Trainee: 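My structure is below; once you've seen it, I'll send some questions.
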Amino acid sequence: MNAGDLQQPDARTMKTRCCVVGGGPAGMMLGYLLGRAGVDVVVLEKHADFFRDFRGDTVHPSTLQVMDELGLIDGFLKLPHQRIQKMDGIFGGQSVRVADLSRLKVKYPFIAMMPQWDFLNFLRESGKRFTSLKVLMNTEATDLLRRGDTITGVRATTPDGPIEIAADLTIACDGRHSTVRERAGLVVEDIGVPMDVLWFRVPRRPDETENLFARVERGKMMVTFDRGDYWQCAYVIPKGQYEAVKARGLPALINDILQLAPILKAGMADVKSFDDFKLLTVAINRLTRWTRPGLLCIGDAAHAMSPIGGVGVNLAVQDAVATANILAAKLADGCPSEDELDAVRRRREFPVRATQRIQVVAQNNIITAALKPGDQPMPLALRLITAVPWLQGLTARALGLGVRPEHVHSPARS
């Protein structure tokens, strides 16, 4: 007998058609779409709010199009954000242009830089009009409920004690360290990456203006985004070298950062210790199987993406749209069969694999070269893209729209 078969003493119980575990972009978008379709759905978010530093803040044209198709775009774009069209950088003192989104023939040819908590709060507030949607904050899934080989819901902890949520379908959207995925025994295929990232932010003064986003000099690489009153920064380090960076000391790290981005000099005075940096351990992986009977994994729970291109949020949203398109109507009759659940993988696996392949090519041909000590020649791919404007449109399409973008076809129940 599985541990999940046993009811926990004194646990409260509830029942729903679909339990979505995880309140990130995949989970909140899927909850919104299923609620919109009239499906009884509960979204579990383990934290009390969505406020988390260093979550993906890039909302790409593909996601903006989804928001437009849902009739949410006007309110969404009223939230504070910055818009990026041209992705410019410096490689060894030479200017490069990686992508130009203004060349895209789409309704929203820009990336909206918006704190992820604003995006998620907006979806939660917008979904309150759907009586079939419930979002439970401070509710952390800890195990699965089972009947034989079938997943029948989740066991969770709340401030008021344990709760068991019986669900015809459980959908894991709980990220790259998914508890649900681990409890289901699903196998992850890891793909190597050469880097980790130190995320940090520094204050920005009104007279500090610079449109560069990528900076590469003598074995060092950093990405900076102008976020209005602060700079969001990502300092790239070789894989597994964080302790070596700490051993060199904070002054050495700050000196390296200022060599790459002198514009940060005033703001870096606020960086007092390594506690001001957040280590992001970069991974690219994917599940070999996304389903069990009664269970489906999507978003980072099914495939972790590299931060290259900032596409993770948008892949998660695309997964949610495809899942609702395929399953929302079927959920009216109970849990779809495992083959019907696997239709989501069959729809989304090619875009995921293609995007990860692009990321691997970029990391092997650009990131690895950038992290080698000493002067490095600019990679041929960067030279070609910078020299040929129409290639900047191709990279913008891959970045902004992705491979086979999804459109909303799930039902909207009045």
Side-chain angles (χ1 to χ4, degrees), residues 12-52 55 63 66-67 70 72 116-145 151-160 162-181 183-184 294-302 313 316-328 331 335 341 344 408 410 412-413:
R12 294 171 296 136
T13 61
M14 66 181 297
K15 181 170 177 55
T16 186
R17 181 72 78 191
C18 181
C19 180
V20 175
V21 179
M28 290 306 298
M29 178 59 75
L30 181 58
Y32 182 91
L33 290 166
L34 293 181
R36 173 177 175 267
V39 176
D40 284 329
V41 56
V42 174
V43 179
L44 310 184
E45 168 52 45
K46 67 180 181 180
H47 296 101
D49 55 46
F50 295 120
F51 187 84
R52 231 72 75 239
R55 301 181 84 167
T63 299
V66 167
M67 300 299 281
L70 292 172
L72 299 175
Q116 191 176 119
W117 54 84
D118 284 345
F119 180 28
L120 300 178
N121 275 323
F122 181 81
L123 286 174
R124 179 172 62 171
E125 291 301 312
S126 299
K128 285 183 176 178
R129 67 181 182 273
F130 305 132
T131 57
S132 59
L133 168 62
K134 296 181 179 65
V135 179
L136 303 183
M137 307 299 288
N138 258 338
T139 305
E140 180 176 6
T142 57
D143 206 349
L144 295 171
L145 303 176
I151 307 304
T152 59
V154 302
R155 178 172 292 134
T157 58
T158 76
D160 298 322
I163 186 171
E164 292 182 350
I165 303 170
D168 295 310
L169 174 61
T170 300
I171 301 183
C173 302
D174 52 340
R176 63 183 59 201
H177 304 295
S178 170
T179 296
V180 172
R181 180 181 72 192
R183 294 292 188 271
L295 173 70
L296 170 67
C297 296
I298 66 171
D300 278 2
V313 170
V317 169
Q318 299 291 301
D319 279 6
V321 172
T323 300
N325 288 346
I326 293 168
L327 299 180
L331 279 166
C335 182
L341 296 178
V344 175
V408 177
S410 52
R413 186 173 173 181

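Predicted, not measured: the structure shown is a model, and the values here were computed from it.
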Trainee: Distance-only, no hydrogens or angles: does the Asp174 side chain make a donor-acceptor pair with backbone N or O of Val180 under 3.5 Å?
Mentor: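 Yes, the answer is positive, given that a donor and an acceptor are paired below the 3.5 Å cut-off.
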Trainee: Please name the pair of heavy atoms, one in Pro25 and one in Gln116, separated by the smallest distance, quoted to 0.1 Å.
Mentor: CD-OE1, 3.4 Å
Trainee: Any side-chain heavy atom of Leu296 sitting closer than 4.5 Å to one from Val344?
Mentor: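 In contact.
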Trainee: Can you tell if the side chain of Asp300 reaches within under 4.5 Å of the side chain of Arg181, non-hydrogen atoms only?
Mentor: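 No; the side chains remain at least 4.5 Å from each other.
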Trainee: Rounded to the nearest 0.5 Å, what separates atom SG in Cys173 from atom CD in Glu45?
Mentor: 11.0 Å
Trainee: With a 4.5 Å heavy-atom cut-off, do Val42 and Met14 have their side chains touching?
Mentor: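 Yes - at least one pair of side-chain heavy atoms lies under 4.5 Å apart.
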Trainee: Restricting to non-hydrogen atoms, name the atom on Ile298 and the atom on Leu30 that form the minimum distance, rounded to 0.1 Å.
Mentor: CD1-CD2, 4.0 Å
Trainee: Just how far is it from atom CG of Leu123 to atom CG of Leu133, taken to the nearest 0.5 Å?
Mentor: 10.0 Å
Trainee: Does any part of the side chain of Ile165, heavy atoms only, come nearer than 4.5 Å to the side chain of Ile163, both counted from C-beta?
Mentor: yes
Trainee: Side chains of Val408 and Arg36, heavy atoms from C-beta outward: is any pair under 4.5 Å?
Mentor: yes
Trainee: To check you understand the geometry: which heavy-atom pair defines the closest contact between Gly23 and Val43, and what is its length?
Mentor: CA-CG1, 4.2 Å
Trainee: Can you give me the closest heavy-atom contact between Thr170 and Gly153, atom names plus distance?
Mentor: OG1-CA, 3.5 Å
Trainee: Would you say Thr16's side chain and Asp40's backbone share a donor-acceptor pair under 3.5 angstrom?
Mentor: yes
Trainee: Would you say the side chain of Ile171 lies within less than 4.5 Å of the side chain of Val41, judging by non-hydrogen atoms?
Mentor: no
Trainee: Any side-chain to backbone donor/acceptor pair from Ser132 onto Phe130? Under 3.5 Å, distance only.
Mentor: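 The answer is no, because no donor-acceptor pair under 3.5 Å joins these two groups.
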Trainee: Hey, what do you get for CD (Glu164) to CG (Leu144), rounding to the nearest 0.5 Å?
Mentor: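 Going from CD on Glu164 over to CG on Leu144, the span is 11.5 Å.
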Trainee: Are Arg155 and Leu145 packed together at the side-chain level, in the sense that at least one heavy-atom pair is separated by less than 4.5 angstrom?
Mentor: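 Arg155 reaches Leu145 side chain to side chain.
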Trainee: Just verifying a value: how many Å separate Cys18 SG and Leu34 CG, rounded to the nearest 0.5 Å?
Mentor: 5.5 Å
Trainee: Restricting to non-hydrogen atoms, name the atom on Leu72 and the atom on Phe122 that form the minimum distance, rounded to 0.1 Å.
Mentor: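 Taking every non-hydrogen atom into account, O-CZ, 3.6 Å.
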Trainee: Work out which heavy atom in Ala301 is nearest to a heavy atom in Ser178; give both atom names and the distance.
Mentor: CB-CB, 3.9 Å
Trainee: What do the steps show when you test Met137 against Val135 for side-chain contact (heavy atoms from CB on, under 4.5 Å), and what is the final call?
Mentor: CA-CA 6 Å; Met137 307 299 288; Val135 179; 3.8 Å; yes
Trainee: Go through it in stages, so that I can follow the logic: the residues are Thr142 and Arg183, the test is side-chain hydrogen bond (donor to acceptor under 3.5 Å, both in side chains), and I'd like the CA-CA distance, side-chain angles, deciding distance and then a yes or no.
Mentor: CA-CA 9 Å; Thr142 57; Arg183 294 292 188 271; over 6 Å; no
Trainee: Between NE2 of His47 and OG1 of Thr139, what distance do you get to the nearest 0.5 Å?
Mentor: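 Going from NE2 on His47 over to OG1 on Thr139, the span is 12.0 Å.
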Trainee: Any side-chain heavy atom of Leu33 sitting closer than 4.5 Å to one from Val321?
Mentor: yes
